[in-house]
Number of protein chains: 2
Amino acid sequence: MSEGKRDTDSATGQSPDGLLPRLLETISSGHFAPGQRISESELARQLGVSRGPIREALGRLEGRVVERRPNLGVRLIEMDREKLEELFRVREALEGMAARLAAENSTNTDLQRLTGLLEQHERVIQGDAQGGYLQGIGDEDFHVSIVSASGCGTLKRILMDEVYFQLRLHRRRSGTQPGRARAALSEHRAIVDALYARNPERAEIAMREHLRSARFSALGALEE
Amino acid sequence: MSEGKRDTDSATGQSPDGLLPRLLETISSGHFAPGQRISESELARQLGVSRGPIREALGRLEGRVVERRPNLGVRLIEMDREKLEELFRVREALEGMAARLAAENSTNTDLQRLTGLLEQHERVIQGDAQGGYLQGIGDEDFHVSIVSASGCGTLKRILMDEVYFQLRLHRRRSGTQPGRARAALSEHRAIVDALYARNPERAEIAMREHLRSARFSALGALEE
DNA sequence: AATTACATTACTGTCAACAGTTTTGAGAAA
DNA sequence: TTTCTCAAAACTGTTGACAGTAATGTAATT
């Protein structure tokens, strides 16, 4: 995962203890319907803490995962077609830049790691999915690795906090298009090729094309 | 400012009352040095509320404006050369996409507004700064208008919360390069031209070039 | 039976107080 | 005078309680 910079392990909130991850797990476990009110007391009881920390954690998720309205509490943001498309547009912009920077800044270790992920991906497609590269998880690993290799902490933080996060929540409810994994692999290869060639322009273009395809696929999978 | 979509007025937090703006005003007034510890009790006293709401508000600023370390409290994030460069890279990516989308989606009202801002900008340069377009503020207006005209709420929210916000904080301490306003004007014109032509590709390129120049200017102004 | 008015309930926003940790500062030793 | 020790002070993290507001359910009326 690159060892450049200090990589504040990002992820929406790393403050005091590990409450936020548990809260997210609880929220996204499906206990709560997409538009339904989420009771702070309920969460507090369920996680065994007082309402104070819960309120802080929810506040940190505001706008991203949760919507708060005065005196009415918070509700899970619902992921409609429009929001999903917007997320992919933001991804295209940010990860395109990440690929560009990675072509300039990535270390050899970064590139080796990416090659390894490509091989895992290939094994999954050829059936002997001996582990690791679960579709979705593995794909995210690939993209996170590139973003890390870009050496731009701000870019990474925003992508983690704002984009990947919501997409992960969405993936829980939605499947993937059938032949997608195979197409994705060759697109991933094109990106890594450009990185090895140290060609920023080509890396950015390859990444943006890849994410445009991913957008179409995700939107297509939405109408099942 | 465009009237497309619902434009959750964005800006880092709009939850309960207007505490967050006041807190920001207090923080960024210069009372606190960039790396210095910020006392919650102190802020609470100064703003006339209890520590609870202060903690929530600070949590919402975590990672953007403020850095929190367990049991040690929060500190103003300091804007060094690297962070400033990263912010402009993110801007280039996101606003490039915004310009592209604006070329496709902007309404006539949006375009008229942009033309108006260009004229204000011109008047400022020609000396009779009769009001409105203060350098910095006016420039931000221009960019926010384009982002709004893109019709992409997510893009707008991220730019507002993550990017403009920190840049505004930085502008308080740093000046601008001398001839910058004039160069910026012609770059702005190129962008608006592309929007009128409904040419997404050209709009994105123009915006990215503009922000690359702005990056050089800002970094140059940093070593005074 | 359907509808409106009203009292009860539940929940959010806020506060003051407590426990644990870090920092500060005074006093003793070198 | 400088350095080390240790107790006091300050601050963060968390809790339970209180005030005000929205939702709920019951009873009376049409």
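Each chain gets a letter, A, B and so on, in the order its sequence line appears, and its residues count up from 1.
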Choose from [options] the nucleotide whose nearest atom is closest to any side-chain atom of [X].
X        : options                   : answer
Arg37(A) : dT14(C), dT14(D), dT12(C) : dT12(C)
Asn71(A) : dG16(D), dC15(C), dG13(C) : dG13(C)
Ser41(A) : dT12(D), dT15(D), dT12(C) : dT12(C)
Leu72(A) : dA23(D), dT23(C), dT12(C) : dA23(D)
Ser39(A) : dT12(C), dC11(D), dT14(D) : dT12(C)

Integer-rounded Å distance: [N] [atom2] and [X] [atom1]:
X        : N       : atom1 : atom2 : value
Glu40(A) : dT14(D) : CD    : P     : 16 Å
Leu23(B) : dT14(C) : CG    : P     : 13 Å
Leu58(A) : dC11(C) : CG    : P     : 14 Å
Arg75(A) : dT12(C) : CZ    : P     : 13 Å
Leu43(A) : dC11(C) : CG    : P     : 11 Å
Gln36(B) : dC11(D) : CD    : P     : 12 Å
Leu47(B) : dT14(C) : CG    : C1'   : 15 Å
Glu42(A) : dT12(C) : CD    : P     : 10 Å

Considering every strand and a 4.0 Å limit on heavy-atom distances, what is the contact class for [X]: base, sugar-phosphate, or nothing?
X        : result
Ile38(B) : sugar-phosphate
Arg51(A) : base
Gly52(B) : nothing

State which residues pass salt bridge (Lys or Arg N to Asp or Glu O under 4.0 Å) with Arg100(B); sequence neighbours excluded, sorted by chain then number.
Glu201(B), Glu204(B)

Have Lys156(B) and Ser148(B) got a donor and an acceptor in their side chains that come within less than 3.5 Å?
yes

Do Ser29(A) and Glu25(A) have a side chain donor and acceptor closer than 3.5 Å?
yes

Has Arg55(A) got a side-chain N or O lying under 4.0 Å from the OP1 or OP2 atom of dT12(C)?
no

Using a strict threshold of under 4.0 Å (side-chain N to carboxylate O), is an ion pair present between Arg91(A) and Glu85(A)?
no

Between Gly73(B) and Gly48(A), just flag the one whose closest nucleotide in DNA chain D comes earlier from the 5' side.
Gly73(B)

Please check if atom CZ in Arg168(A) has more than 12 non-hydrogen atoms from other residues, nucleotides or ligands closer than 6.0 Å.
yes

